[in-house]
Amino acid sequence: MTQSAFSYADDVLHVEGVSAASLADQFGTPLYVYSRSALTEAYRAYADACAGHRAKIHVAVKANSNLAVLNVFARLGAGFDIVSAGELARVLAAGGKAENTVFSGVGKTAAEMREALNAGVKCFNVESIPELHTLNDVAKAAGKTAPVSLRVNPDVDAKTHPYISTGLKSNKFGVAFADARATYAEAHAMPHLDVIGIDCHIGSQITEISPYLDAVDKLLDLVEQIEADGAQVRHVDVGGGLGITYDDETPPDIGEFVRTLLAHVKKRGHGQREVYFEPGRSLVGNAGVLLTRVEYLKPGEEKNFAIVDAAMNDLARPAMYEAFHRIVPVVKRAAQAQVYDVVGPVCESGDWLGRDRELAVEPGDLLAICSAGAYGFVMSSNYNTRPRAAEVMVDHERARLVREREEVKQLFAGESILPD
Ligand code: LLP
């Protein structure tokens, strides 16, 4: 296992001090389980490396927006990065503060901007000229000035999966690098906008530092030009994207990543600027597992299938990105392992969670799908009218249900049939 808060004692997987088997018995499966200490450890790695620097951490809410998870970070002093009014509401409900929140996203609506402006968010990360105009209009109507950073597309290759690479010219995100200076000039001239920063986000599950250094260099070149044009750039937001170990990836550790970037900014003579980070996956990914029970074993001529009670609606990443998640038994068996495809009950061939996995399992056994804390529950759906899983947070010896399992009747509670 790559997750330190998840380890075996007497051949039973434990989450901190609690047996995963007892969690499955108590709360049922499929079940997302998070470790508070793993969340805390990852956050502290960022915070410790930022200490003594003008640096801020904004947790990317999209990676895991459970209130208990957000609250752990809020208590540690985190800021947040949101992409919708819904995420803003979650941050506030979890004890986060609007003034420590940045609002990203390529398609913010005027209504969302209004809400965020009234709540008092720290910065709008704007991605296009039309969005600047909309925000300026919204701010004018509200009698306010909106703090703005422009998301610039630095056109660097983050060397990750195409679906989660965002900093290339061909992506929909950000203002094209070549247009950035002129866009800043436009923003600077808008009376209800206050240009305060620059940002980028080059992709996700990035396992090397060099694409970040390239992106920072391009951003800082631009900052020098923008300031020569009269606008002031107080912060540089390098986005999120640091990868984690799912299998055999070897991303830089969080401290090394942060220290290298901060040193680079300083070396370039920009040490006076605030540096923002927007991590998601690297904070929560390895702080969570998805527990599932084997329903049936189905031997076949070409493949053996282990059919489990979790599915692509619970964890979409394998179906969507062919993502690899380690799958381990909750209780180790001495029996001979066989090779299985671990699949769910949804009626799609794409409904798989792991392929060609060596497992010694029997029907009724529990499996843990590892590294499921990021983009797991948040991307789950009700496809096949499957209620979404429950979520539990473990804190030392205690486990607390932090989201109830959905019930089928909730799923169509808002629907109605025609009267005649
Ligand atoms: N900031 C912005 C503007 C973003 O778009 C993202 C993620 C982040 C921060 C956080 O990135 P992270 O540190 O988590 O890599 N569903 C995909 C990942 C999509 C990432 C989208 N943007 C997956 O399951 O791999």
Inset, instruction - Could you tell me whether the side chains of Y46 and S282 share a donor-acceptor contact shorter than 3.5 Å? - result: yes
Legend entry - V392 vs Y34 side-chain heavy atoms within contact, under 4.5 Å: no
Inset, instruction - Could you check if a side-chain atom of Y340 sits within less than 4.5 angstrom of a side-chain atom of V361, using non-hydrogen atoms only? - result: yes
Inset, instruction - Taking the side chain as every heavy atom from C-beta outward, state whether S371 and I244 have any pair of such atoms under 4.5 Å apart. - result: yes
Inset, instruction - Verify side chain to side chain contact (heavy atoms under 4.5 Å, CB included) between T183 and L132, making sure each step is shown before the conclusion. - result: CA-CA 9 Å; T183 310; L132 281 175; 3.8 Å; yes
Legend entry - Close side-chain approach of E249 to F324, heavy-atom, < 4.5 Å: no
Legend entry - Closest contact, heavy atoms only, V378 versus N64: CG1-CA, 3.7 Å
Inset, instruction - Take E131 and K108 through the test salt bridge (charged side-chain N to carboxylate O under 4.0 Å, His left out) and record every step on the way to the result. - result: CA-CA 8 Å; E131 193 192 336; K108 303 172 200 75; 2.5 Å; yes
Legend entry - Donor + acceptor pair across side chains of D217, H264 (<3.5 Å): yes
Inset, instruction - Determine whether H192 and V138 make a side-chain contact, defined as any pair of heavy atoms from C-beta on separated by less than 4.5 Å. - result: no
Inset, instruction - Evaluate the ring pair (Phe, Tyr, Trp, His ring centres under 6.0 Å) criterion for residues H14 and F6: first the C-alpha distance (whole Å), next the side-chain angles of each, then the deciding distance (0.1 Å), finally the verdict. - result: CA-CA 6 Å; H14 281 64; F6 303 81; over 10 Å; no
Legend entry - Check ion pair R333-D365 (N to O, under 4.0 angstrom): yes
Inset, instruction - Hey, can you tell me if F103 and F124 have their rings parallel, tilted or perpendicular (30° and 60° cut-offs)? - result: tilted
Inset, instruction - Looking only at non-hydrogen atoms, find the nearest pair between L88 and I82 and report the distance. - result: CB-CD1, 3.6 Å
Inset, instruction - Identify whether the distance between the nearest side-chain nitrogen and carboxylate oxygen of E406 and R388 falls below 4.0 Å. - result: yes
Inset, instruction - Tell me whether the guanidinium CZ or amine NZ of K218 lies under 6.0 angstrom from the six-membered ring centre of F177 and within 45° of its axis. - result: yes
Legend entry - Pair T145, D194: side-chain N/O donor-acceptor within cut-off below 3.5 Å: no
Inset, instruction - Evaluate the ring pair (Phe, Tyr, Trp, His ring centres under 6.0 Å) criterion for residues F257 and Y212: first the C-alpha distance (whole Å), next the side-chain angles of each, then the deciding distance (0.1 Å), finally the verdict. - result: CA-CA 9 Å; F257 166 74; Y212 284 101; 4.8 Å; yes
Legend entry - Non-hydrogen side-chain atoms of W352 and E322 separated by less than 4.5 Å: yes
Legend entry - Qualifying residue for side-chain contact (heavy atoms from CB on, under 4.5 Å) with Y375, from R281, M320, Q205: R281
Inset, instruction - Rounded to the nearest 0.5 Å, what's the gap from CG on L13 to CG on L291? Could you check? - result: 7.5 Å
Inset, instruction - For R293 and G364, indicate whether the former's side chain and the latter's backbone hold a donor-acceptor pair under 3.5 Å. - result: yes
Inset, instruction - Drop me the distance from I57's CD1 to N100's CG, to the nearest 0.5 angstrom. - result: 11.5 Å
Inset, instruction - Please determine if D221 and R268 form a salt bridge, counting it only when a charged side-chain N lies under 4.0 Å from a carboxylate O. - result: yes
Inset, instruction - List the steps, then state whether side chain to side chain donor-acceptor pair (under 3.5 Å) holds for N71 with R75. - result: CA-CA 6 Å; N71 176 256; R75 289 187 205 213; 2.8 Å; yes
Inset, instruction - State, with a plain yes or no, whether a side-chain heavy atom of E278 is found less than 4.5 Å away from one of V102. - result: yes
Inset, instruction - Would you mind telling me which of R54, K56, H235 makes a side-chain hydrogen bond (donor to acceptor under 3.5 Å, both in side chains) with E274? - result: K56
Legend entry - Sidechain-backbone polar pair: D351 side chain, A311 backbone, donor-acceptor under 3.5 Å: no
Legend entry - Ionic contact status for R273 with E227, cut-off 4.0 Å: yes
Inset, instruction - Starting at CD1 of I327, measure out to CZ of R357 and round the result to the nearest 0.5 Å. - result: 4.5 Å
Inset, instruction - Kindly say whether D247 contributes a backbone atom to a donor-acceptor pair with the side chain of T245 at under 3.5 angstrom? - result: no
Legend entry - Straight-line distance of D179 CG to L150 CG, nearest 0.5 Å: 11.0 Å
Inset, instruction - May I ask you to decide if G28's main-chain N or O and R405's side chain share a donor-acceptor pair within less than 3.5 Å? - result: yes
Legend entry - Side-chain (S22) to main-chain (V18) donor-acceptor, under 3.5 angstrom: no
Inset, instruction - Look only at the side chain of N382 and the backbone of T385, and say whether a donor-acceptor pair between them is shorter than 3.5 Å. - result: no
Inset, instruction - Check the pair E348 / N384 against side chain to side chain donor-acceptor pair (under 3.5 Å), numbers first and verdict last. - result: CA-CA 10 Å; E348 303 243 6; N384 281 204; over 6 Å; no
Inset, instruction - State whether the number of non-hydrogen atoms from other residues, nucleotides or ligands found under 6.0 Å of E358 atom CD is greater than 12. - result: no
Inset, instruction - Return yes if some donor-acceptor pair links the side-chain N/O of N153 with the main-chain N/O of V175 below 3.5 Å, else return no. - result: no
Inset, instruction - Check the pair K122 / Y276 against side chain to side chain contact (heavy atoms under 4.5 Å, CB included), numbers first and verdict last. - result: CA-CA 12 Å; K122 174 155 74 176; Y276 290 0; 3.7 Å; yes
Inset, instruction - Return yes if some donor-acceptor pair links the side-chain N/O of E295 with the main-chain N/O of I307 below 3.5 Å, else return no. - result: no
Inset, instruction - Specify the closest pair of heavy atoms between L31 and F27, including all atoms of both residues, with the distance to one decimal. - result: CD1-CB, 3.7 Å
Inset, instruction - Give the intermediate values and the outcome of side chain to side chain donor-acceptor pair (under 3.5 Å) for residues R403 and N66. - result: CA-CA 8 Å; R403 185 184 164 105; N66 182 284; over 6 Å; no
Legend entry - Rounded distance (nearest 0.5 Å) linking atom OG of S65 with atom CZ of F80: 11.0 Å
Inset, instruction - Return yes if a side-chain donor-acceptor contact under 3.5 Å exists between D314 and S380, otherwise no. - result: no
Inset, instruction - Step by step, work out the side chain to side chain contact (heavy atoms under 4.5 Å, CB included) result for V152 and L219. - result: CA-CA 8 Å; V152 173; L219 251 49; 4.3 Å; yes
Legend entry - Pair H58-D237, side chain to side chain donor-acceptor pair (under 3.5 Å): steps then yes or no: CA-CA 10 Å; H58 299 104; D237 182 341; 5.1 Å; no
Inset, instruction - Evaluate the criterion side chain to side chain contact (heavy atoms under 4.5 Å, CB included) for residue pair R36 and E16; output intermediate values, then yes/no. - result: CA-CA 9 Å; R36 180 180 188 170; E16 301 192 26; 4.2 Å; yes
Legend entry - Any donor-acceptor pair under 3.5 Å from Q410 side chain to E407 backbone: yes
Legend entry - More than 12 heavy atoms from other groups under 6.0 Å of CD on E404: no
Inset, instruction - Find the distance between CZ (F173) and NE2 (H201) and round it off to the nearest 0.5 Å. - result: 7.5 Å
Inset, instruction - Give a yes or no answer on whether the side chain of D199 reaches the backbone of R151 with a donor-acceptor pair at less than 3.5 Å. - result: yes
Legend entry - Heavy-atom neighbours of K303 NZ exceed 12 at 6.0 Å: yes
Legend entry - Any side-chain heavy-atom pair of R90 and L70 under 4.5 Å: yes
